[in-house]
*Asks:* 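There's a structure below that I have some questions on.
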Amino acid sequence: MKWMMMGSSMEIYPPPEFNFKECLVFLGRSDLEVMHQIKAGYLYKLVKLNGERIVLKIGDTSKVIQVDFPMGTPLSSTTLEKVASYIWEWFDLDQPLAAFYDFARKDMILKELVSKYDGLRIICLPDLFEALAWAIMGQQINLTFAYTLKKRFVEQFGESVTINRNTFWLFPDCEKIASMGVDDLRKLQFTVRKAEYIIGVAKAISSGVLSKELLLQKQDGQRIQTALMKIRGIGAWTADYVRMKCLHDPTAFPIADVGLHQALKLQLGMERKPTIGEIREMSTNWEGWQGYATFYLWRSLYE
DNA sequence: ATCCAGGAACTGT
DNA sequence: ACAGTTCATGGA
């Protein structure tokens, strides 16, 4: 991770295989998104780091990520370090993407995508509770409604900061959700099950039996998968999604994902969606990078 | 109206 | 292990 301060701005120096504007397209895919805002090419997000709430204004200038602080808070060097590391993690910048491109350029399905979306990285959800809760919200419903649920959830239970008549939201603390009842979420049109799953996950995280650190300590992706799937409400799809978007495992592969199926159908000009078996077949070359293949295919569904 | 959506648990065999 | 059923609601 490379960064330095230039006056009141932070400069972050990402690896060469990174295109901020390409990532902005993905971040801008829903008008109902509440966790960040995009305005005039800048990405705004409220984060809580080192106990401080900080609004970040993120832009790019030729190979450099530039971060400004609209709240003008005097930030300690430890907080600044956490800002840099948050952004590094958000855009998955530790991933050696050149290795993915090396074979993807020769792959019949991926070559067009990696050329079109060059520099796109998986947009991560560094917070485990947010990643799990969002995945559960998205189970078996259309994305638009999933975003509606998230917006209600965040605006009901999250904290916010308003500057210049713009309101920015933090994802609700798991401690707060752990103290909620199913009925509190039912009011927002969560199903009983989704409410139970999310409250259960919130309790597990706030009690300390579940955490990102504990999962990452397991090293092996399969063990992490198994550990996640022991939790009620987390099946294979959610476990893969969280490994991909939160735990930075590029081998995670949500193979049953309907978005993936739809993207493959369109990309291959098929009359129907491919079967799991067919996807397994066409993904044999993707070993080690199934998560990135999936993400680039998801990207092809937006414009 | 009908089908389906970035699934998972439960039940029966 | 595997298939069928239930949950639940909005979008197209």
Side-chain angles (χ1 to χ4, degrees), chain A residues 23 25-35 92 113 117 120 122-125 128 130-153 156 171 182-204 210 225-247 249-267 270-280 283 286 290-303:
Chain A
C23 293
V25 175
F26 193 88
L27 284 160
R29 82 202 130 128
S30 174
D31 295 331
L32 293 164
E33 179 61 70
V34 279
M35 299 313 298
D92 206 25
L113 300 175
Y117 312 132
L120 173 67
I122 292 181
I123 309 299
C124 294
L125 295 168
L128 179 65
E130 181 178 347
L132 281 166
W134 170 233
I136 291 167
M137 286 180 212
Q139 290 171 359
Q140 187 56 18
I141 56 173
N142 63 75
L143 260 189
T144 305
F145 185 48
Y147 273 107
T148 302
L149 286 178
K150 179 167 84 166
K151 182 171 158 66
R152 289 178 187 154
F153 183 76
Q156 178 77 44
F171 201 77
V182 168
D183 289 345
D184 296 311
L185 299 192
R186 283 248 54 190
K187 287 174 195 151
L188 310 181
Q189 282 176 293
F190 284 64
T191 62
V192 172
R193 262 186 212 155
K194 276 187 188 174
E196 288 172 349
Y197 296 166
I198 289 173
I199 293 168
V201 165
K203 284 179 173 165
L210 174 63
Q225 182 83 1
T226 306
L228 283 169
M229 287 179 63
K230 283 182 181 152
I231 301 162
R232 184 168 137 87
I234 303 179
W237 178 85
T238 304
D240 276 311
Y241 181 87
V242 168
R243 282 167 57 213
M244 179 179 161
K245 297 268 291 185
C246 182
L247 304 176
D249 185 346
T251 70
F253 192 20
I255 196 165
D257 180 81
V258 299
L260 172 68
H261 301 175
Q262 178 67 8
L264 283 168
K265 175 187 164 189
L266 294 174
Q267 193 62 26
M270 298 170 70
E271 291 288 322
R272 55 169 178 81
K273 288 183 186 165
T275 64
I276 302 286
E278 288 168 338
I279 298 172
R280 204 159 266 135
S283 66
W286 305 350
Q290 297 91 328
Y292 262 85
T294 300
F295 198 75
Y296 272 64
L297 281 157
W298 282 347
R299 168 64 181 85
S300 72
L301 295 172
Y302 311 107
E303 225 23 82

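Residue numbers start from 1 in every chain, and the chains themselves are labelled A, B, ... in the order their sequence lines are given, proteins ahead of strands.
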*Asks:* Expressed in angstrom and rounded to an integer, what is the separation of Y147(A) atom OH from dA5(B) atom P?
*Replies:* 17 Å
*Asks:* When you check every protein heavy atom under 4.0 Å of nucleotides 8-13 of chain B, what one-letter string (B, S, -) results, 5' to 3'?
*Replies:* BSS---
*Asks:* Over 60° means perpendicular and under 30° means parallel, so classify the ring planes of Y302(A) and F26(A), tilted if in between.
*Replies:* perpendicular
*Asks:* Could you give the distance from CD1 (I231(A)) to CG (L210(A)), rounded to the nearest 0.5 Å?
*Replies:* 4.5 Å
*Asks:* With sequence neighbours excluded, tell me which residues meet salt bridge (Lys or Arg N to Asp or Glu O under 4.0 Å) with R299(A).
*Replies:* E22(A), E303(A)
*Asks:* What does K245(A) touch in the nucleic acid at a heavy-atom separation under 4.0 angstrom: a base, only the sugar-phosphate, or nothing?
*Replies:* nothing
*Asks:* Can you give each donor-acceptor pair under 3.5 Å made by side-chain atoms of residues 194-202 of chain A, sequence neighbours left out, with the distance rounded to 0.1 Å?
*Replies:*
unit_1	atom_1	unit_2	atom_2	d
K194(A)	NZ	M137(A)	O	2.9
K194(A)	NZ	Q139(A)	O	2.7
E196(A)	OE1	R232(A)	NH2	2.6

*Asks:* Near DNA chain B, under 4.0 Å by heavy atom, which residues of residues 250-257 of chain A?
*Replies:* D257(A)
*Asks:* Just how far is it from atom CG of L301(A) to atom CG of L266(A), taken to the nearest 0.5 Å?
*Replies:* 6.5 Å
*Asks:* List for me each residue that meets salt bridge (Lys or Arg N to Asp or Glu O under 4.0 Å) alongside D92(A), sequence neighbours excluded, and say none if there are none.
*Replies:* none
*Asks:* For E33(A) and S30(A), indicate whether the former's side chain and the latter's backbone hold a donor-acceptor pair under 3.5 Å.
*Replies:* no
*Asks:* Does NZ belonging to K203(A) count more than 12 external heavy atoms closer than 6.0 Å?
*Replies:* no
*Asks:* Working to the nearest 0.5 Å, report the span between CG of L297(A) and CD of Q262(A).
*Replies:* 11.5 Å
*Asks:* Check step by step if salt bridge (charged side-chain N to carboxylate O under 4.0 Å, His left out) holds for D240(A) and R243(A).
*Replies:* CA-CA 5 Å; D240(A) 276 311; R243(A) 282 167 57 213; 3.0 Å; yes
*Asks:* With heavy atoms of chain A within less than 4.0 Å as the criterion, where does contact along DNA chain C begin and end?
*Replies:* dT6(C) to dG11(C)
*Asks:* Expressed as a whole number of Å, how far does the P atom of dA8(C) sit from that of dT11(B)?
*Replies:* 14 Å
